[in-house]
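Worksheet for the structure shown next.
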Amino acid sequence: MLLQMSLARSDSWIALVDVNNFYASCERVFRPDLEGVPIVVLSNNDACIIARSQEAKDLGFKMGGLFHKVLPDLKRAGVKVFSSNYALYGDMSDRAVAVYRQFTPNLEIYSIDESFLDFSGFSDLDELGQRVRYTTRRDTGLPVCVGIARTKTLAKIANRIAKKNPEHNGVFKLETGDSEQLKKIENADIWGISRRLTPKLQELGIYNVLDLSRADPKMLRQKFSVVLERMVYELNGISCLELEEVAPVKKGIMVSRGFGQYQEKYPRIQEAVATYATRAGEKMRSQNLVANTLTAFLRTSPHNESQTYYSNSHTVAFPEATNDTGLIIRAAWWCLKKIYRPGLKYQKAGVFLGGLVNADATQPDFFFKLDTGKSKTLMAVLDKLNKDHGRDTVRFAASGVSTEWKMRQRMVSPRYTTLWKDMPLVY
DNA sequence: TCTGGGGTCCTAGGACCC
DNA sequence: TCTGGGGTCCTAGGACCC
């Protein structure tokens, strides 16, 4: 593979804006009474901790900690616990990005809580970073930190420095070749280097980011990968990772969930799979995509020692690319029939749509004639009703009415910003 | 009872072709 | 029937990220 890189223009600057403790901060925006109170947010099924406020971090609660194990400690410490509320987090994320766009037209939404902003050509970048920070807080209630540097990798590091050192007031500009700063950061603490890689780098005498920036990129590529090679260039201010302002077309859409409790019965699993298939169809249509293939998968718990682990998947190709929920459910059930084994306690199932292409550029199958006009109208009506009146107002009977497989969300906060009935009357 | 969900990129290896 | 290099394409699996 050819290494793509370009010397940073002399005036090119990138800012990484990152919301502090994003999920926990979202919960706090509408609950000012929780200011200063430790907060944790749980994964789906209320299984483990996936986000913590600063206070909860300081109390020693760990990422990934099992909820049921740490529950007594959480109670004792007076920690406020939330199930995850992705409707709220997704909407708050959109609001933050809308604020960032007031400062630069060129930005890349990197994740639900991080965006890269093109700061090239502006003067007084520290002051600009402070304005982004102040405005985001004022207009959304969310606290952010800003890291500014010549490349994405360095901007990530700058952001980390801003976050860890309160004296910078949430904004830090990292100059290329600032060896004092790079020396202070361990390999495992930067973007793209996992804990696993750390001991191997240490064998080569690479203990911190300064060492890494001075390592031989060709040698690292040979011993590890092109990813590490690029990192060395990035650390030296040579940009290898461009700003992706236009989100690339998705290559696949996945909808999967663990069940609220283990499921054995075929009809219940069918309902779950039909529900995931429905959700996947909605996602596709909202992005004007159609899928060429569908994969369904089913597995038992890898942690349940009372039975042997079983995991299987099956893929089918649609005769013609589609985003019709009826066809997606049928295909998903076809796959499910191939992989379901009676007598097992299943923990999770999912649906994956692949071979995605734009819905306006499909290749019709000569022999298989799908009535796409009728399907399109039906799906449009379905989506409109569900958008106006709430999810699942109208749905396929295949999804069933039982609730036993549905995930647990016992402590979910209201959808303050996306559901009229949940909107607080007094702020 | 109980261990997230959704995604990207890279690599190796096999199939196939000329 | 055997031998071979060089190339592309596809897939599965791993690593990593948030």
How long is the line joining [atom1] of [X] and [atom2] of [N], in whole Å?
X	N	atom1	atom2	value
A/Leu201	C/dA15	CG	P	15 Å
A/Gln263	B/dT1	CD	P	16 Å
A/Met284	B/dG7	CE	C1'	17 Å
A/Met407	B/dG5	CE	C1'	10 Å
A/Glu229	B/dT11	CD	P	10 Å
A/Leu356	B/dG6	CG	P	14 Å

From [options], pick the nucleotide closest to the side chain of [X]?
X	options	value
A/Val255	B/dG6, B/dC2, C/dC17	B/dG6
A/Gln347	B/dG7, B/dG4, C/dC18	B/dG4
A/Asn44	B/dT8, B/dG5, B/dT3	B/dG5
A/Ile50	B/dG4, C/dC18, B/dT3	B/dG4
A/Ser194	B/dG7, B/dC9, C/dC17	C/dC17
A/Tyr86	B/dG4, C/dC16, B/dC9	B/dG4
A/Trp191	C/dC18, B/dC2, B/dT11	C/dC18
A/Lys156	B/dG4, B/dG6, C/dC17	C/dC17
A/Arg257	B/dG4, B/dC2, B/dG6	B/dG6
A/Tyr262	B/dC9, B/dT3, B/dC2	B/dC2

Using the side chain to side chain contact (heavy atoms under 4.5 Å, CB included) rule, take A/Thr322 and A/Val290 through it: C-alpha gap first, then chi angles, then the decisive distance, then the call. CA-CA 5 Å; A/Thr322 186; A/Val290 286; 5.5 Å; no
Between [Y] and [X], does any NZ, NE, NH1 or NH2 come within less than 4.0 Å of an OD or OE carboxylate oxygen?
X	Y	answer
A/Glu108	A/Lys152	yes
A/Glu282	A/Arg279	yes
A/Asp189	A/Arg195	yes
A/Glu203	A/Lys200	no

N/O (side chain, [X]) to phosphate O (OP1/OP2, [N]) under 4.0 Å:
X	N	value
A/Lys250	B/dT8	no
A/Arg408	B/dT1	no
A/Lys348	B/dT3	no
A/Ser256	B/dG6	yes

Is there a Watson-Crick or G-U wobble partner for B/dC18 with both distances under 3.5 Å, and if so, which one is it?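 Base-paired to C/dG5.
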For B/dC10, which nucleotide in any strand shown is its Watson-Crick or wobble partner with both distances under 3.5 Å?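 Across any shown strand, B/dC10 pairs with C/dG13.
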Are A/Tyr23 and A/Phe82 an aromatic pair by the rule of ring centers under 6.0 Å? no
Is [X] touching bases, backbone alone, or none of the nucleic acid, heavy atoms closer than 4.0 Å?
X	value
A/Phe67	nothing
A/Asp113	sugar-phosphate
A/Ile253	sugar-phosphate
A/Tyr110	sugar-phosphate

Applying the side chain to side chain donor-acceptor pair (under 3.5 Å) test to A/Asp18, which of A/Lys163, A/Arg160, A/Lys156 qualifies? A/Lys163
On DNA chain B, does the nearest nucleotide to A/Met63 precede the nearest nucleotide to A/Pro248 from the 5' side, or the other way round? Give the residue. A/Met63
Toward the 5' end of DNA chain B, which comes first, A/His303 or A/Phe224, by nearest nucleotide?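 Nearer the 5' end of the strand: A/His303.
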Can you tell me how far P in C/dC18 sits from the matching atom in B/dT3, rounded to whole Å?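 My reading of the P atoms in C/dC18 and B/dT3 gives 25 Å.
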